[in-house]
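Treat the numbers as computed from the prediction; the structure is a model and nothing was measured. Letters go in sequence order (proteins before strands), and every chain restarts at 1. Values reported hereafter were calculated over all heavy atoms of this structure, with side chains retained and with hydrogens, waters and symmetry mates removed.
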Amino acid sequence: MAAAPGGSAPPAGPGPRLGFSTADSGVGMSGLNPGPAVPMKDHDAIKLFVGQIPRGLDEQDLKPLFEEFGRIYELTVLKDRLTGLHKGCAFLTYCARDSALKAQSALHEQKTLPGMNRPIQVKPAASEGRGEDRKLFVGMLGKQQGEEDVRRLFQPFGHIEECTVLRSPDGTSKGCAFVKFGSQGEAQAAIQSLHGSRTMAGASSSLVVKLADTDRERALRRMQQMAGQLGAFHPAPLPLGACGAYTTAILQHQAALLAAAQGPGLGPVAAVAAQMQHVAAFSLVAAPLLPAAASSPPGGGPGSLPGLPAPIGVNGFGPLTPQTNGQPGSDTLYNNGLSPYPAAYPSAYAPVSTAFPQQSSALPQQQREGPEGCNLFIYHLPQEFGDAELIQTFLPFGAVVSAKVFVDRATNQSKCFGFVSFDNPTSAQTAIQAMNGFQIGMKRLKVQLKRPKDANRPY
DNA sequence: TCGTATT
């Protein structure tokens, strides 16, 4: 019964909509009549992704905003499948393709919903095929073929929105082009008929007609190229320098942790030991660089390291012989990412969660904000830092509620910034003191309080 | 360079 309230206007039914197919259908009467109980959608309708939605808004709240642009076929707020938590985004399909286009141009990056820092996102969902399903890459053209020739070739298949021959700086054709059709069907027809169908004058092989790369594919391709280049360089001396820098950072990191913890407890060492998982391989190679690194205090950052015990430096680079407590079996420190903290730290640094020492590790980590003053913005993170490393880095300063490194969706590469939230402001301040300015390679971490939500905004 | 979320 939760579905479609019969009869009268008020749809008030707070029914557990599974996506709230906006069967708004104006008139109440649900299924029985042959009427349009469920609105039809165009065959070429576009499913839109809507991002930057305040977590407090559900489908009912959003509906009015989007209905301005046409009848909604379906609107679904994304929720975490386990927790049911609002993920801050939604899928939206209009009955008419045109409505989607209008909504996108009117709303995308144009309007910021209450409580959000950034403007709403309204764009074709990633699942919408390739997003650029109307755009073709054409290869194996003759060098002498220009836009007009290419147009003539593709004209029979539909409306050409765009036609570009790729050229070198000197103007000569690269023998390929992009052709964008008005619809996916037209593009597909062209592929069917033209791909491999003939060999153009001066081309070495038959005509290539395929969908153009998506952004993601382009990004991946670039990444592969870069990886290839790195591979080629690998035997060269360059990497050692890089390792040295990174090693330096880790060493300084140790110092920072030590200083912050204000004590020789095994906590910091344990945390660093965990870090070492990631650099053990480098460490061996870079070992000779260590003493220098150890003797130079991290400028601007955590300040001096009064008594950085020599054993620590040495210890760090004998990855399998941590000296934390002299126990031979202490390599267990390496395998339980988050656990060392509660037991090992002085109470001042182990605020709350001591009662459940081992539990923090497995939580789904839905990103959350802590209270005001507890949320840090961190910039200049090492490229290789992920959420886990971020947690490790800040765990020594208190209970980390969440840690998130931003990642480029297309490449999966870190954007080198992220957030860490503690459950109390003191931990956040301690972390800032210890880690802001902390040098890694040529860069220094920037660690500061996250901007409050309403900053940057008139009212 | 300020919470990124794609069923």
Quick one: which of B:dT6, B:dG3, B:dC2 gets closest to the side chain of A:F377?
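For the A:F377 side chain, the nearest candidate turns out to be B:dC2.
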Please tell me which of the listed nucleotides, B:dG3, B:dC2, B:dT7, lies nearest to the side chain of A:L78?
B:dT7
With no hydrogens and no angle check, do the side chains of A:E217 and A:T214 hold a donor and an acceptor under 3.5 Å apart?
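Indeed, the side chains of A:E217 and A:T214 share at least one donor-acceptor pair under 3.5 Å.
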Look at the aromatic rings of A:F377 and A:F417 and report parallel, tilted or perpendicular, splitting at 30° and 60°.
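Rings of A:F377 and A:F417: tilted, 30 to 60°.
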Result for 5'-nearest mapping on DNA chain B, choosing between A:K123 and A:V420, is A:V420
Name the residue closer to the 5' end of DNA chain B, choosing between A:R81 and A:Q448 according to the nucleotide with the nearest heavy atom.
A:Q448
Round to a whole Å and report the spacing from [atom1] of [X] to [atom2] of [N].
X      : N     : atom1 : atom2 : value
A:K415 : B:dA5 : NZ    : C1'   : 12 Å
A:L390 : B:dC2 : CG    : C1'   : 14 Å
A:R118 : B:dT4 : CZ    : P     : 7 Å
A:R444 : B:dT1 : CZ    : P     : 21 Å
A:K47  : B:dA5 : NZ    : P     : 19 Å
A:K404 : B:dA5 : NZ    : C1'   : 10 Å
A:R409 : B:dA5 : CZ    : P     : 10 Å
A:L376 : B:dC2 : CG    : C1'   : 12 Å

Less than 5.5 Å between centroids and less than 30° between ring planes, does A:F419 satisfy that with B:dC2?
no
Return the stacking result for B:dT1 and A:F417: yes when the ring centres lie under 5.5 Å apart and the planes under 30°, no otherwise.
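Not stacked: fails the 5.5 Å / 30° test.
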Are any non-hydrogen side-chain atoms of A:E109 and A:R118 less than 4.5 angstrom apart?
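A:E109 vs A:R118: side chains apart.
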Looking at the base of B:dT7, is there any donor atom on it, or on the side chain of A:S127, that sits under 3.5 Å from an acceptor on the other one?
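Under the 3.5 Å cut-off, the side chain and the base do form a donor-acceptor pair.
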Looking at B:dT4, I'd like to know if its phosphate oxygens (OP1 or OP2) sit under 4.0 Å from a side-chain N or O belonging to A:Q52.
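Yes, A:Q52 has a side-chain N/O under 4.0 Å of OP1/OP2 on B:dT4.
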Around atom CZ of A:R218, are there more than 12 heavy atoms from other residues, nucleotides or ligands closer than 6.0 Å?
yes
For A:V407, report the nucleic acid contact type (base, sugar-phosphate, nothing); a contact means any heavy atom under 4.0 Å.
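Contact class for A:V407: base.
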Pick base, sugar-phosphate or nothing for A:D408, based on heavy-atom distances below 4.0 Å to the nucleic acid.
nothing
Under 4.0 Å between a side-chain nitrogen and a carboxylate oxygen: does that hold for A:K41 and A:E74?
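Looking at A:E74 together with A:K41, the answer is no, because their closest N to O distance does not fall below 4.0 Å.
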